[in-house]
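For reference, the structure is listed below as structure tokens.
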Number of protein chains: 2
Amino acid sequence: MASDHTRTAILAAAERLYADRGFGDVTLRDIVADANVNLAAVNYHFGSKDELIAELFVTRSIATNRERLRELKAAEEQGGGIAPIEVILHALVGPTLRGCLGPENQRSTAARFMIRASIESVPPIRRIKNREIDHLRKFVGAMRRSLPDRSDVEIYWGLNFALAMAHHTIRESERLTKLSEGKCDLDDVEDVIARVVSVATMALTAGKVEMKAPARALARDAR
Amino acid sequence: MASDHTRTAILAAAERLYADRGFGDVTLRDIVADANVNLAAVNYHFGSKDELIAELFVTRSIATNRERLRELKAAEEQGGGIAPIEVILHALVGPTLRGCLGPENQRSTAARFMIRASIESVPPIRRIKNREIDHLRKFVGAMRRSLPDRSDVEIYWGLNFALAMAHHTIRESERLTKLSEGKCDLDDVEDVIARVVSVATMALTAGKVEMKAPARALARDAR
DNA sequence: GATAGTTTCATACAACTGTTTGAATTGCAA
DNA sequence: TTGCAATTCAAACAGTTGTATGAAACTATC
């Protein structure tokens with residue numbers, strides 16, 4: 001493993017091509033052509049095409065999860081083991097949204113790759129996502145500590161909806177821009193994060209102390 | 001076009017196989033074997049594989065959209081042209097969720113196919129989904145009438161979040177079940193719909209008449 | 001500078017894919 | 001029945017795919 005040059009070139013080319021054209025129509029031959037390496041190099045260095053894709057996704061995934069946990073830990077330490085729910089949710093969806101959205105022309109290859117991975121769901125990536133549950137459980141724990149009065153079911157639904165809004169906004173950012181004729185500014189990432197956190201917080205706190213009678217009545221009627 | 005038997009058999013077999021095994025690893029040969037027809041029949045009756053998939057998806061899609069508009073129209077007529085926001089949202093997400101969720105063992109082939117189409121996003125289906133914007137605009141209109149005080153931006157975000165929660169819950173229903181160890185009952189469709197509608201309604205009405213000061217402060221702090 | 005281990009390379013492989021072809025069959029109308 | 005169009009069929013096509021092979025080139029160690 002002298003210089004890793006080939007390996008690195010393959011990873012870079014693959015990430016860029018997948019980001020630009022999707023998993024569906026990028027072949028190993030496209031990748032090695034772009035990376036200026038031999039076709040057999042992919043199988044030599046990664047074992048298979050799927051393992052190459054998996055490595056790309058795992059790398060970015062780990063980075064996001066580390067950032068999530070860093071934010072969560074910092075918040076809990078500051079609060080003596082308990083963080084406000086909106087800060088927890090911010091740690092949950094912030095890194096993901098920050099990693100994918102932002103002005104399109106200055107979006108990194110990694111960002112565009114993660115968007116693509118979010119839109120097209122290929123088997124190797126699905127397999128990795130399925131192992132994400134343990135990671136999410138850490139947030140469930142933090143949310144339980146933050147909202148001791150809420151039942152587990154409500155915690156899980158809140159978490160589900162928070163992730164829903166974040167991921168769907170990433171997946172369908174183009175459609176939302178078109179539908180709103182540009183009125184929804186998806187380049188203002190912090191604003192998007194704030195919106196998601198705000199709604200998820202409401203979902204998790206509705207009907208308790210934070211919301212007065214009229215809103216509670218509405219929430220009840222809506223069911 | 002004597003009996004349409006072949007055509008129908010292909011559609012049924014394709015829908016079932018795609019639902020069970022996904023678009024990725026079902027070939028035309030699998031389909032024609034299951035349908036007991038000749039390989040060339042697919043191209044003869046549908047033109048191409050993609051057009052077969054498109055026809056499957058369009059059929060179910062039209063049914064869902066018709067049901068959505070039926071509910072919306074009924075609600076607006078009853079309210080003299082204006083429907084309560086939670087009823088509008090119910091019309092938006094109800095048919096989709098009802099069409100995909102419910103007890104797994106009694107889930108129709110159509111339901112499982114639509115879940116699959118929601119998870120794996122293949123080109124012919126993506127193309128159709130992109131034409132869905134006109135349909136969504138009708139809901140934007142209804143929401144504007146229902147919430148004349150809200151800005152367009154807020155309407156669009158509310159709509160986006162409502163669809164986000166509905167679609168993500170469908171896509172990740174298995175993961176939510178596993179994460180919550182079965183505590184989140186995804187078979188109780190009406191409960192799921194009520195949760196989505198409730199949160200989306202809060203997202204669209206927060207900070208106005210329905211929410212008192214403490215909640216507004218919280219929503220502000222969260223940003 | 002010989003050797004052992006790693007990496008690269010051209011090439012072939014083997015299988016599968018959606019699609020097409022042209023002949024055979026069927027069903028219906030005249 | 002005859003004729004004509006619609007449908008079915010077996011077979012082949014043309015192209016692509018990821019992967020494997022074995023020799024060649026390189027690299028670092030002794």
Side chain to side chain donor-acceptor pair (under 3.5 Å) involving A:R107 - partner list, sequence neighbours excluded: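 Per chain and number, A:R107 pairs via side chain to side chain donor-acceptor pair (under 3.5 Å) with no residue.
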Side chain to side chain donor-acceptor pair (under 3.5 Å) partners for A:T59, two or more places apart: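 Side chain to side chain donor-acceptor pair (under 3.5 Å) check on A:T59 returns nothing, list empty.
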Check this for me, if you would: do B:E120 and B:R116 make a salt bridge, where the nitrogen-to-carboxylate-oxygen distance has to be below 4.0 angstrom?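 Looking at B:R116 together with B:E120, the answer is yes, because their closest N to O distance falls below 4.0 Å.
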Is there a side-chain contact between B:L204 and B:L89 in this structure, where contact means two heavy atoms from C-beta onward sitting under 4.5 Å apart? yes
Is the shortest side-chain heavy-atom distance between A:E76 and A:R145 below 4.5 Å?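 With C-beta onward as the side chain, the pair touches.
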Round to the nearest Å and state the distance from [X] atom [atom1] to [N] atom [atom2].
X: A:D4; N: C:dT7; atom1: CG; atom2: P; result: 8 Å
X: B:H5; N: C:dG27; atom1: NE2; atom2: C1'; result: 16 Å
X: B:R7; N: D:dT8; atom1: CZ; atom2: C1'; result: 16 Å
X: B:Y44; N: D:dT7; atom1: OH; atom2: C1'; result: 5 Å
X: B:L52; N: C:dT19; atom1: CG; atom2: P; result: 10 Å
X: B:F46; N: C:dG18; atom1: CZ; atom2: P; result: 15 Å
X: A:H45; N: D:dT19; atom1: NE2; atom2: C1'; result: 16 Å
X: B:I53; N: C:dT19; atom1: CD1; atom2: C1'; result: 15 Å

I'd like a list of close polar pairs between nucleotides 14-18 of chain D and the protein, N/O only, cut-off under 3.5 Å.
unit_1, atom_1, unit_2, atom_2, d
D:dG18, OP1, A:K49, NZ, 2.8
D:dG18, OP2, A:L28, N, 3.1
D:dG18, N7, A:R29, NH1, 2.9
D:dG18, O6, A:R29, NH2, 2.9

Check: A:S121/A:R126 side-chain N/O donor and acceptor closer than 3.5 Å: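 There is such a pair between these side chains.
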So, B:E67 and B:T64: side-chain donor and acceptor under 3.5 Å apart, yes or no?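 On atom types as modelled, these side chains do not qualify, holding no pair under 3.5 Å.
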Show me the pairs that pass side chain to side chain donor-acceptor pair (under 3.5 Å) and involve residues 31-46 of chain B, at least two apart or across chains.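 Listed once each, the pairs are B:R16-B:D34.
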May I have the list of side-chain donor-acceptor pairs in residues 155-166 of chain B shorter than 3.5 Å, sequence neighbours left out?
unit_1, atom_1, unit_2, atom_2, d
B:Y156, OH, B:R144, NH2, 3.4
B:N160, ND2, A:T169, OG1, 3.1

Look for any protein N or O under 3.5 Å of an N or O in nucleotides 21-26 of chain C and output each such pair with its distance, or none.
none

